[in-house]
Amino acid sequence: MSILKVIEVLANSSESWEDATQKAVAQASKSVKNIRSVYVNEQSATVKDGRVDDFRVNVKITFEVK
């Protein structure tokens, strides 16, 4: 049996929601080991001059506690 823990991470990107998700996982992996999955809980964006300016995600990252 494994023990799993979930943390919530907010991230942003000027390129896409996918890039923001990648950035969230990359940043979390600097201090959290054994990441198993990422769940995109929420997506949003800011708009500037009629165009999407910044993509934002709220993700839940699951990792195994050893």
Side-chain angles (χ1 to χ4, degrees):
M1 180 172 114
S2 297
I3 297 176
L4 303 175
K5 187 170 183 174
V6 178
I7 59 172
E8 194 166 346
V9 177
L10 305 174
N12 65 312
S13 168
S14 60
E15 295 178 28
S16 67
W17 284 296
E18 291 85 359
D19 187 52
T21 302
Q22 290 283 359
K23 287 181 178 183
V25 172
Q27 188 66 29
S29 69
K30 291 179 181 178
S31 60
V32 176
K33 304 302 175 208
N34 306 313
I35 293 176
R36 292 269 187 98
S37 65
V38 60
Y39 170 75
V40 178
N41 192 38
E42 210 174 294
Q43 296 176 321
S44 63
T46 59
V47 176
K48 184 176 180 181
D49 298 326
R51 297 184 57 96
V52 173
D53 180 49
D54 196 43
F55 297 89
R56 298 176 179 177
V57 292
N58 177 333
V59 299
K60 291 185 178 184
I61 295 176
T62 304
F63 60 97
E64 184 179 357
V65 178
K66 293 195 175 197

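Only heavy atoms go into these numbers, but all of them, side chains included; no hydrogens, no water, no symmetry mates. FYI, the numbering just counts along the sequence from 1.
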(message) Rounded at 0.5 Å granularity, tell me how far CD1 in Ile61 sits from OG1 in Thr21.
(response) 9.0 Å

(request) Grab the two heavy atoms, one from Ala20 and one from Ser13, that are nearest each other, plus how far apart they are. (result) N-CB, 3.6 Å

(request) Measure the shortest side-chain to side-chain distance between Gln27 and Val9 over non-hydrogen atoms and say whether it is less than 4.5 angstrom. (result) no

(request) Decide whether Val57 and Val52 are clustered together by the hydrophobic rule: side chain heavy atoms of Ile, Leu, Val, Met, Phe, Trp, Tyr closer than 4.5 Å, transitively. (result) yes

(message) According to side-chain contact (heavy atoms from CB on, under 4.5 Å), who are the partners of Phe63, at least two apart in sequence or on a separate chain?
(response) Lys5, Ile7, Val32, Ile35, Val65

Tell me which donor-acceptor pairs under 3.5 Å the side chains of residues 36-48 have, and how far apart each pair is, sequence neighbours excluded?
{"from": "Arg36", "atom 1": "NH2", "to": "Glu64", "atom 2": "OE1", "distance (Å)": "2.4"}
{"from": "Thr46", "atom 1": "OG1", "to": "Asp54", "atom 2": "N", "distance (Å)": "3.4"}

(request) Give, for atom CG of Asn12 and atom CG of Asn58, the distance between the pair rounded to the nearest 0.5 Å. (result) 12.5 Å

